[in-house]
Protein chains: 2
Amino acid sequence: MNISDVARKTGLPPKTIRYYEEIGLIQPDRGANGYRLFSETHLHQLAFIGRARALGFSIEDCRTLLSLYGDKSRASADVKQVALEHLDEIDAKIAQLQQMRTTLQHLITSCAGDTRPDCPILNDLAQGQASS
Amino acid sequence: MNISDVARKTGLPPKTIRYYEEIGLIQPDRGANGYRLFSETHLHQLAFIGRARALGFSIEDCRTLLSLYGDKSRASADVKQVALEHLDEIDAKIAQLQQMRTTLQHLITSCAGDTRPDCPILNDLAQGQASS
DNA sequence: GATAAGGGTTCCAGTTGCTGGAAGGTCAAG
DNA sequence: CTTGACCTTCCAGCAACTGGAACCCTTATC
């Protein structure tokens, strides 16, 4: 399989697949003409990476997960730990965004949004406290 | 004021302040020795930027907001629009993270996390469907 | 006057995860 | 034989910094 076939089947752009090879996530073979040649195994690995990335795992996490995936004597606890740490990161990000959201929503609500220059949003940014 | 004073008062690292000058967000003066010299106005601007960044606004948004802040004939509607667009972005990110969180949590719950190799998390990543 | 500590300066490189573009080789069809 | 769609590599850039090297300036102390 050439790269565009794999791209179509995995939904990953060819550029991304080349990048994954460059950083050593996958090791496709090469044909006599220099083209990358992908096996079914490579296809599975790339689909695996694509799904892990869709769940927000970092590239380094993907590397770890791929390695565990290929290790038939792995302990599921190792996989679970990677997932749990990632869940914590997600929760932290959500909490941070919720905090921003709350403050921002409050400011937006208190801003008239008309042609006058008075603006509680700018006041808050300038003073470090809401004008309400 | 020298850069470390401003850093202490705003909580921004000196490196970040230099970076903000480099990209034209602020224009501190220079002393005869080449040191940056910050006025109270610069201090306010940097504190303003720091708070906007804490609310998740991009550097470009900060540029716009700073410009509106300095424009006494602004319309608050312009500020509100920037804030509303940013709120939408935050909401989109939260939704995406919640989606990831839900899937990940489900997988984690179904994984025994012991010494055996069977792992629904890897199964899902490999197959594109949960094993439950 | 020498020196050492603690400022400041610039410039270059690296981070994460790609993405765009240029320049060029390959291949299959008409 | 040429056209067009592939493929290749390499270089640059995105956001928003951060680290480090190499060097200058200031102030205090001996």
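Order of the sequence lines fixes the chain letters, A, B, ..., with proteins taken first and strands second; residue numbering starts at 1 for each chain. Bear in mind the structure is a predicted one, so any value in this text is a computation, not a measurement.
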Quick note, B/Pro13 side chain, CB onward, closest among D/dC25, D/dT9, D/dT18 is D/dT18
To the nearest angstrom, how far is A/Phe38 atom CZ from D/dC6 atom P? 16 Å
Please work out if B/Ile3 contacts a base, only the sugar-phosphate, or nothing of the nucleic acid, heavy-atom cut-off 4.0 Å. sugar-phosphate
Quick one: does A/Thr102's side chain have a donor or acceptor within less than 3.5 Å of a partner on A/Gln98's backbone? yes
Taking C-beta and beyond as the side chain, do A/Leu65 and A/Tyr69 meet within less than 4.5 Å on heavy atoms? no
Can you tell me if the side-chain N/O atoms of A/Arg18 get under 4.0 Å from OP1 or OP2 in D/dT8? yes
When you check the phosphate oxygens OP1 and OP2 of D/dA16, does a side-chain N or O of B/Tyr20 lie under 4.0 Å from one of them? no
To the nearest angstrom, the CG-P distance between B/Leu46 and D/dC17 comes to 12 Å
With a 4.0 Å cut-off (strictly under) to non-hydrogen atoms of chain A, the first and last hit nts on DNA chain C, 5' to 3', are C/dG17 to C/dC27
Counting side-chain heavy atoms from CB outward, which of D/dC6, D/dT26, D/dT9 is closest to A/Arg36? D/dT9
For the pair made of CE in A/Met1 and P in D/dC7, what is the distance, rounded to whole Å? 13 Å
When the distance from CD1 of B/Ile17 to C1' of D/dC17 is rounded to whole Å, what number comes out? 13 Å
Ignoring backbone atoms, establish whether B/Ser58 has a side-chain N or O less than 4.0 Å from OP1 or OP2 of D/dA15. no
Do any N or O atoms from the side chain of B/Asp5 and from the backbone of B/Asn2 form a donor-acceptor pair under 3.5 angstrom? yes
Show your working on side chain to side chain contact (heavy atoms under 4.5 Å, CB included) between A/Tyr35 and A/Ile3 and close with a plain yes or no. CA-CA 8 Å; A/Tyr35 287 18; A/Ile3 200 166; over 6 Å; no
Below 4.0 angstrom from OP1 or OP2 of D/dT8, is there any side-chain N or O of A/Asn33? no
Shortest non-hydrogen contact between B/Ile26 and B/Leu46, atoms and distance: CD1-CD2, 3.8 Å
What is the distance, rounded to the nearest whole Å, between atom CZ of A/Arg30 and atom P of D/dC7? 12 Å
Could you tell me whether B/Asp118 and B/Arg116 make a salt bridge, using a distance below 4.0 angstrom between a side-chain N and a carboxylate O? no
Considering heavy-atom distances to DNA chain C, does B/Tyr35 or A/Lys15 have its closest nucleotide positioned more toward the 5' end? B/Tyr35
Is the shortest side-chain N/O distance from B/Arg53 to OP1 or OP2 of D/dC17 below 4.0 Å? yes
Polar contact flag, side-chain donor to acceptor under 3.5 angstrom, A/His42-A/Ser39: yes
D/dA16 P sits how many Å from B/Phe57 CZ, rounded? 13 Å
Please report the distance, rounded to the nearest Å, between CD in A/Glu22 and P in D/dC11. 11 Å
Starting from P on D/dA15, measure out to CD on B/Glu89 and report it in whole angstrom. 13 Å
